[in-house]
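Below: the structure, in structure tokens.
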Amino acid sequence: MGQILNKQQNEAVKLIGCPVLIFAGAGSGKTRVLTEKIAHLVDEVGIPPEHILSVTFTNKAASEMKERILGLIRCDVSKMTVGTFHSVCASLLRKHINILGYENNFTIYDQNDAKQAIKNVIKSMDLDVKTFQPNKYQYLISNLKNKMIYPKDVLLKSDVYVDEVLCDIYTEYNKSLKENNAVDFDDLLLLPLELFEKENTLLQYYQKKFQYVLVDEYQDTNKPQFEFIYNLSKNNNEITVVGDDDQSIYAWRGADINNILNFSSSFPNATTIKLEQNYRSTKTILDAAYNVVSKNQHRADKKLWTDNEDGEPISINEFENENNEASGVIEDVLKNTQKNISLNDMVLLYRTNSQSRVIEDRLRRESVPYHIVGGMKFYDRKEIKDLLAYLRYLINPKDSISFFRIVNFPPRGIGKTVTDKILKNITNTDQDLSQTLESLPDLDLSAKQVQKVEDFLSIIDSIKETINLTALDTIEKLIDEININDHYTDKDNPEDYERLENIQELVSSISEFVERNDNNSVEDFIEEVSLLTDIDRWNMNEQKLTLMTLHSSKGLEFKNVYILGAEEGLLPLSHGDDDDDLEEERRLFYVGVTRGIEKVSISYANSRRRFGSGPMFSLRSSFIDSIPEELCSYNSDSKPSYVGRTLFSDRKQSNKKVLINKDSEFAVNDMVQHKLYGNGKITNIEGIGDNSKITIQFRGNIIKKFIKKYANLKNIN
DNA sequence: TTCACAGAAGTTTTT
DNA sequence: CTTCTGTGAA
């Protein structure tokens, strides 16, 4: 690490006075370039730290960056604005959101809260939640927001799924957020833009404040994020963005790869610098990764190279089922620990969170210490969410989602009749939650019911006395006031015991937070918790084996990387009916492979149990077949010449939908998928249209000829 | 109003 | 196989 910068890195660090786009391949030292550049800006160009904005992908990356800058120069990094888009935007909104008619103590709704809010909206519109599924609408609305399509535009846009109900739900949802004095994750990015538009002086202020803007992982920015940095830097053009189109894996949540591909047209006079020397991985790993990702049509042409050794072959391992896979991989992990590779030098990566379960079972049986990033998060546990809901309600008395969560928890005799009346009053009148609660007698409730709600409110009031003390004071008062410990120790089942432990853990993490920060009120704590990413909670120094999704692994590196479940339908994942983005899946695989420093092992199972039902046969991923054989070593069963006795079978086979998409055409050399023969390559096409005859070469040199309309072929290029 | 049970639905990736 | 939702009895 202490090496001098190479020519391109050095150029990237020193170049100022124009917009700079750095194409930084995996492991090319981009974090280093960013930190060196910031140090350069402060130390030599003379830009004061408070005039620098640096956007990172996780909060952890932000604090690491600050630390590394401190290692380079002496300056007050605390004055620098470094954080994720969401946290930077959130603190901007804390200062100015009142301009938009919210209050500055607004609540940040996570996905669950948002879903609940949408559900309430759908109910209040007298729609059936079975037909109009909150899940689905939340997804649709989030997508619209990511594309900056506002409710009024929904019906005008022809390229989106147009739905009047969607438009109404969207409108009502936004209204209810505002009435709750709450914003969702997407609003965090959108509202600053509204602010800039409404108050031009504010925009000017921030343009002056952020003289220099740096953005990491630029390939994963979406439209609002682009607009945010564009607005800030369009005048002085002092901006550096770093990214890699091959690692763009968030298109599904609105990331727009054109942000990076069209950077030069958005920012005239931009200079592009490519970092193509990889310092992380072996030649073998890079070669393997390149052979996969270069199959993509939409990518900027480039190739990483390295001075590192060839290293070990990619290990390809076939297993009978997911249990054997888990134990096989863990066996290998344990073998490595004998060779003095520590557990935290290895990582197990998979496509979906649900895959972790089998692995966990196995790890527990072998008593291997492990840590899972993501999945069922600590802060998702019921008892934790309940307590946090109290804290959030203390801060924002308009937050009805939190209110309904806790008003009758622990049970205090406030039932559905009461909550329904309150909800109705909020949704059907102009009164918000706190106004409603002030005029309870108007709600046509019995005196007893009113009293119970009043009792609840006085509990809240007494906890509120601690709101200006530390977060620790508040949580202790809260636990005391609601007697949560009694609620969980009534019955002595192990589940209750676990919940109490979790509550203890929450208290100790709050206590740690209080010690760590000067601003340590309950508001500060909730702010941090709301914006924590999965990776942020992960301590990479612990002697534990890490399990995470491929998505979470972005930006990290490990000596030994294991990729599990490399099977058609799982990696690449296919969702069924609509056209799946195979290119993005390929990039995801690329990200996984390029995390490896010394060795990458890829495994797949011939059959896998998909939730309750019996085992399904599965087929080795085509991504494995893209890696040249000479780079790989195989366990006994996984030689590529081996003709899979496997049947292609997943959800697709059972639902009788036509697999041929009208607009998907076939061409010679395309890879296609056949439900009996698996993957093959088209060697010849005779005729055109549905009656054309397609010749396909399958694995094991099996050649078959099909008539297109009967063949059920799927193009998997 | 509360608790307990049965049935249904659901697993893509995340700030 | 789990987690959530709704229904019915106490």
Side-chain angles (χ1 to χ4, degrees), chain A residues 55-61 83-90 108-112 114-116 119 129-130 133-136 138-139 142-143 145-146 183-190 217 220-222 224-225 248-255 349-358 361 373-377 380-382 407-420 446 448-449 452 490-491 529-536 548-554 565 569-576 578 580-581 584-585 587-589 591-592 608-614 650-651:
Chain A
V55 186
T56 56
F57 202 67
T58 62
N59 296 298
K60 195 185 204 69
T84 64
F85 272 104
H86 288 85
S87 60
V88 169
C89 287
I108 298 168
Y109 277 178
D110 69 17
Q111 226 166 201
N112 285 315
K115 195 174 96 188
Q116 198 59 47
K119 192 174 173 185
V129 285
K130 284 236 167 80
Q133 295 165 337
N135 259 331
K136 189 178 124 198
Q138 194 215 340
Y139 178 78
S142 179
N143 268 304
K145 286 188 175 185
N146 284 157
V183 305
D184 63 20
F185 281 138
D186 305 313
D187 287 345
L188 282 176
L189 306 171
L190 290 175
E217 305 286 5
D220 286 322
T221 52
N222 62 20
Q225 290 168 334
S248 151
I249 53 174
Y250 284 102
W252 54 272
R253 71 170 195 211
L349 302 177
Y350 37 79
R351 177 61 234 262
T352 62
N353 281 308
S354 55
Q355 285 170 257
S356 70
R357 179 165 249 109
V358 231
D361 284 349
V373 176
M376 175 65 171
K377 289 161 231 158
D380 279 345
R381 286 165 217 256
K382 183 195 176 299
V407 68
N408 194 34
F409 178 86
R412 46 176 78 91
I414 300 171
K416 204 170 176 324
T417 28
V418 178
T419 52
D420 271 357
S446 72
K448 219 175 177 180
Q449 290 169 323
K452 281 175 176 163
D490 273 355
K491 335 133 205 175
V529 164
S530 310
L531 296 171
L532 230 42
T533 67
D534 284 340
I535 292 287
D536 294 329
M548 65 173 93
T549 62
L550 287 157
H551 279 90
S552 300
S553 75
K554 192 174 67 163
L570 186 60
L571 177 62
L573 186 75
S574 64
H575 188 49
D578 42 15
D580 306 307
D581 195 343
E584 181 147 314
E585 295 293 314
R587 291 191 292 266
L588 191 56
F589 187 78
V591 166
R608 185 174 294 273
R609 199 177 286 270
R610 263 188 135 116
F611 47 121
S613 61
D650 65 5
R651 279 170 297 183

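Values below: all heavy atoms of this structure, side chains included; hydrogens, waters and symmetry mates excluded. For clarity, every value in this text was computed on a predicted model and none was experimentally measured. Within every chain, numbering begins at 1; the chains are lettered A, B, ... in the order of the sequence lines, protein sequences first and strands thereafter.
Within 4.0 Å (heavy atoms only), A:K119 reaches sugar-phosphate atoms of the nucleic acid but no base atom. Within 4.0 Å of A:T417, counting heavy atoms only, lie sugar-phosphate atoms of the nucleic acid but no base atom. At the heavy-atom level, A:Q133 lies under 4.0 Å from the strands shown only through sugar-phosphate atoms. Among the atoms of the strands shown, none is found under 4.0 Å from any heavy atom of A:E584. A:F85 comes within 4.0 angstrom of nothing in the nucleic acid, heavy atoms only. A:D110 comes within 4.0 angstrom of nothing in the nucleic acid, heavy atoms only. Within the 4.0 angstrom heavy-atom criterion, only backbone atoms of the sugar-phosphate kind lie near A:N353; the bases stay farther away.
Taking only side-chain atoms of A:V129, from C-beta outward, the nucleotide of C:dG6, B:dT1, B:dG10 with the closest atom is C:dG6. Residue A:W252 places its side chain closer to B:dT13 than to any other of B:dT15, B:dT2, B:dT13. Here C:dT3 is the nucleotide among B:dT12, C:dT3, C:dT5 with the atom lying nearest to any side-chain atom of A:R357. Taking the side chain of A:S354 as heavy atoms from C-beta on, and the options B:dT15, B:dT11, B:dT14, the nearest nucleotide is B:dT11. Minimum atom distance to the side chain of A:H551 is reached by B:dT14, of the listed B:dT1, B:dT2, B:dT14. Taking the side chain of A:P411 as heavy atoms from C-beta on, and the options B:dT13, B:dC3, B:dG10, the nearest nucleotide is B:dC3.
Below 30°, between 30° and 60°, or above 60°: for A:Y250 and A:F57 the angle between ring planes is between 30° and 60°, a tilted geometry.
Distance CZ (A:F409) to C1' (B:dC3): 14 Å, rounded to an integer number of Å. The separation between A:R253 atom CZ and B:dT13 atom P is 13 Å, rounded to whole Å. Counting to the nearest Å, the C1' atom of B:dT15 and the CG atom of A:D186 are 9 Å from each other. Put simply, CD1 on A:I414 is 11 Å from C1' on B:dT1, counting in whole angstrom units. Rounded to whole angstrom, the span from the OH atom of A:Y139 across to the C1' atom of B:dT11 amounts to 14 Å. Here B:dT14 presents its P atom at 16 Å from NZ of A:K115, a figure rounded to the nearest Å. Between the CD atom of A:Q449 and the C1' atom of B:dT2 there is a distance of 15 Å, rounded to whole Å. A:N143 has its CG atom 16 Å from the P atom of B:dT14, to the nearest Å.
Close to B:dT14, at under 4.0 Å from its OP1 or OP2, lies a side-chain N or O of A:T549. Within the 4.0 Å cut-off from OP1 or OP2 of B:dT14, at least one side-chain nitrogen or oxygen of A:S552 is found. Side-chain N/O atoms of A:N59 include none lying less than 4.0 angstrom from OP1 or OP2 on B:dT15.
Both A:G415 and A:L588 sit near DNA chain B, but only A:G415 has its closest nucleotide nearer the 5' end. In terms of position along DNA chain B, the nucleotide closest to A:K452 lies nearer the 5' end than the nucleotide closest to the other residue of the pair A:T533 and A:K452.
Annotation: B:dT11 and C:dG6 have their C1' atoms spaced 23 Å apart (nearest Å).
Shown here are the side chain to side chain contact (heavy atoms under 4.5 Å, CB included) partners of A:V55, two or more places apart in sequence or in another chain: A:L53, A:F85, A:V215.
The nearest pair of heavy atoms linking A:I249 to A:R587 is CG2-C, 4.1 Å. Listed here is the closest heavy atom pair of A:L550 and A:G592: CD2-CA, 3.7 Å.
A heavy-atom distance below 4.5 Å is not found between the side chains of A:D110 and A:S530. Looking at heavy atoms from C-beta onward, A:K60 lies out of side-chain contact with A:T533 at the 4.5 angstrom threshold.
Around the CZ atom of A:R357, the shell of radius 6.0 Å holds no more than 12 heavy atoms that belong to other residues, nucleotides or ligands.
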